[in-house]
Amino acid sequence: MTEHDLVIRNGTVIDGTGAPRRTADVAISDGLITEIGDVAGTGTREIDAEGALVTPGFVDIHCHYDGQATWDERLQPSSWHGVTTVVMGNCGVGFAPVHDKDHERLIQLMEGVEDIPGAALSEGLPWSWNGFDQFLDAVDARPHDLDVAAQVPHAALRLHVMGERGADHESVATPEEVAEMGRIAAAGIEAGALGFTTSRTRNHRASTGEFTPTLTAERAELVGIAEAIGMTGTGVLQMVGDFVDTEYEFDTLVEMMRVSGRPLSFSLAQSPLAPDMHRDLMRRLTEANDAGFTMRGQTAPRAVGLLMGLDCTLNPFMMNPVFGEIALAPVAERVARMRDPEFRRRLLDAQSSEKARGKLGGSIIGVFDRMFPLTDPPDYEPDTASSAAAVAERAGITPEEWVYDFLLGDDGAAMLYVPFLNYAEGNLDATREMLAHPYTVPGLSDGGAHVGTICDGSFPTFLLTHWGRDRARGELFELEWLVNQHTQATATTVGLQDRGVLAPGYRADLNIIDFDRLAVARPEMHHDLPAGGRRVLQRASGYRHTIVAGVETYADGEATGALPGRLVRGAQPGPA
């Protein structure tokens, strides 16, 4: 009788293809799925999954673990949320290729664009590389709790080739410089990168305030790099942009696909400043696919929401001169000072004065009708009746007073949630519309980034719970479709055909889930990055077992100590 490394018995299998769920066993050997059905053989280890869902591991294609992956074996919070493969190097930012003299500039760029503490990056990054191939080797040398894939970032590439001219937003890359960028990008993909990424948004600035170097790169540069990548016959393209000139920007993306023959994805979200633009982008997305191009929109499964608190990057009083007196003090000291009635009076008086003088006008930190208490479990589709403004009005006090007192809760650990993107109508209807589009996939979790402001590494768990079970303010999706979207669909978007499906020959990356208990917890601030840097982390409950390459990495949310995750080098073909 055949013996397997692992047999999962009697689970409700949702295989990632969108097919109906079924009760079946799953057999695993040598890191691959070998059999699904009524498995007759025995396993060296067997898991009884009766009453639980058995799904592929989630593939998160929009993360920023570029620094963390070089110093940390555990890529949390993603690995807490059933993710078994992450893709980093998005938005054109990363740490290779690099000249030694540019270390600090790339740290400043990552700190500003992705809100990762510069001190943590300075202490944590080993800088044992210059070329992108050497960076891949550095990541590959460290085992992880999940698989990691990388992409060549345009900002680092531009600085590497053009020097200071690459960031002055006046210089145009010469044909020779474009050719060199293309050569290095293609070499990076041949060394194992999944693709090439760039940024075209004014939201991306270094910690010095400078725009990301790629903001003003001309079409000829982007197309030239894409053409060089196309010569490798592999690789994907990724872009985030403002689409201010939608016609020009979208035509540029189409031209990049045309000359390269490579798939491309871009970030798709509803902006509060242009709440209907996402529909125009979806129309163009459909037209591009109808014309024969493989294009996908990466969209978030909930609002991209900012977290505010006394230990976060943002809080509603951060521009207040009285708060400035304690801004650099430890949180415990801030709380002690803020509990003093005289300090409270001075700060609130100053807030009223700043507001009257228009210094807070238009700032997200002063929009109290879009600011919500972060509960446990979090409500990620809150009604305006629970906003700080509404609660304060019912209490007969000003929103500033209510927020001040709220932030002192939990000894200063309380947080506010401010839905920004995808919440223009005060609900997630636009998000549902984007998720349902035939050419979008879930993305934009930014796992490993925005560590003092956003914690969206929990997107995979939220996708299943909110849209497959809990939503009370609108329609749900079929669970089989949701699983497909964050497994097979995301994997194939970046060229990984070997995972995301439970079938013989595929990678044995799996989750065994108690769906009734599946939930996201309230985010918490931790100070565990290098140099004592802070980051927001968010746990999950309900994951009974997470398995990477046939090895259990987490049991009931706790690490087993196993680190089977490795660098994924390049696109992976599916089973023969």
Side-chain angles (χ1 to χ4, degrees), residues 30-32 56-73 75 78-79 83-90 93-98 126 128-154 156-157 182-197 225 228-238 260 262-263 265 447-448 487-488 490-501 505-509 548-551 553 563-576:
D30 298 324
L32 299 176
F58 303 128
V59 180
D60 191 336
I61 62 175
H62 198 109
C63 293
H64 292 280
Y65 289 108
D66 307 69
Q68 188 176 335
T70 68
W71 72 68
D72 197 350
E73 289 85 6
L75 298 188
S78 292
S79 51
V83 176
T84 54
T85 303
V86 295
V87 180
M88 61 189 188
N90 289 284
V93 291
F95 299 113
V98 62
S128 57
W129 60 82
N130 292 113
F132 196 84
D133 57 338
Q134 296 169 325
F135 171 73
L136 293 179
D137 290 343
V139 174
D140 203 12
R142 183 177 293 275
H144 296 94
D145 57 2
L146 44 66
D147 274 5
V148 183
Q151 299 171 99
V152 179
H154 191 189
L157 178 63
R183 183 192 69 77
I184 295 174
I189 287 170
E190 289 174 334
L194 287 189
F196 164 81
T197 75
I225 295 170
I229 289 169
M231 297 295 290
T232 70
T234 188
V236 297
L237 310 171
Q238 182 266 335
S260 68
R262 305 314 306 160
S265 67
T487 56
Q488 184 183 46
T490 47
T492 57
T493 294
V494 293
L496 299 178
Q497 308 287 347
D498 65 333
R499 63 198 67 206
V501 173
Y506 281 85
R507 284 260 309 184
D509 299 340
V548 175
V551 177
T553 53
L563 298 171
R566 294 294 184 270
L567 176 74
V568 182
R569 287 192 183 266
Q572 300 295 311

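These figures come from a predicted structure and were not determined experimentally.
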Side-chain donor or acceptor of [X] paired with backbone N/O of [Y] under 3.5 Å:
| X | Y | value |
| --- | --- | --- |
| Asp498 | Arg507 | no |
| His62 | Asn90 | no |
| Thr232 | Glu190 | no |
| Gln572 | Gly570 | yes |
| Trp129 | Phe95 | yes |
| Arg262 | Gly230 | no |
| Tyr65 | Ser78 | yes |

Atom pair [atom1] ([X]) and [atom2] ([Y]), whose distance is rounded to the nearest 0.5 Å:
| X | Y | atom1 | atom2 | result |
| --- | --- | --- | --- | --- |
| Thr493 | Gln488 | OG1 | CD | 10.0 Å |
| Arg142 | Arg566 | CZ | CZ | 12.0 Å |
| Asp60 | Thr85 | CG | OG1 | 10.0 Å |
| Ile189 | Ile229 | CD1 | CD1 | 4.0 Å |
| Phe58 | Thr487 | CZ | OG1 | 7.5 Å |

- request: Mind telling me whether His154 and Phe196 have parallel, tilted or perpendicular rings, with 30° and 60° as the class edges?
  value: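 Rings of Phe196 and His154: tilted, as their planes differ by 30° to 60°.
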task: Determine the interplanar angle of the Phe135 and Phe132 rings, folded into 0 to 90°, and report it as parallel if under 30°, tilted if 30 to 60°, perpendicular if over 60°.
output: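 Rings of Phe135 and Phe132: tilted, 30 to 60°.
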Name of the residue among Thr553, Thr84, Asp145 meeting side chain to side chain donor-acceptor pair (under 3.5 Å) with Ser79: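 Exactly one pass, corresponding to Asp145.
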- request: Could you give me the CA-CA distance, side-chain angles and deciding distance for His144 and Val139, then say whether side chain to side chain contact (heavy atoms under 4.5 Å, CB included) is met?
  value: CA-CA 9 Å; His144 296 94; Val139 174; 4.2 Å; yes
field: Result of checking Leu75, Val568, Ile61 against Val86 for side chain to side chain contact (heavy atoms under 4.5 Å, CB included)
entry: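 Checked Leu75, Val568, Ile61 against Val86; only one passes side chain to side chain contact (heavy atoms under 4.5 Å, CB included): Leu75.
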Smallest separation among heavy atoms of [X] and [Y], with atom names:
| X | Y | value |
| --- | --- | --- |
| Leu237 | Ser260 | CD1-OG, 3.8 Å |
| Pro564 | Asp147 | O-OD1, 4.3 Å |
| Leu157 | Ala185 | CD2-CB, 4.1 Å |
| Ala149 | Leu194 | CB-CD1, 3.4 Å |
| Ala491 | Arg499 | CB-O, 3.8 Å |
| Gly500 | Pro56 | O-CG, 3.5 Å |

- prompt: Just wondering, do Gln238 and Val494 contact through their side chains at under 4.5 Å, heavy atoms?
  reply: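 Counting from C-beta outward, Val494 and Gln238 never come under 4.5 Å.
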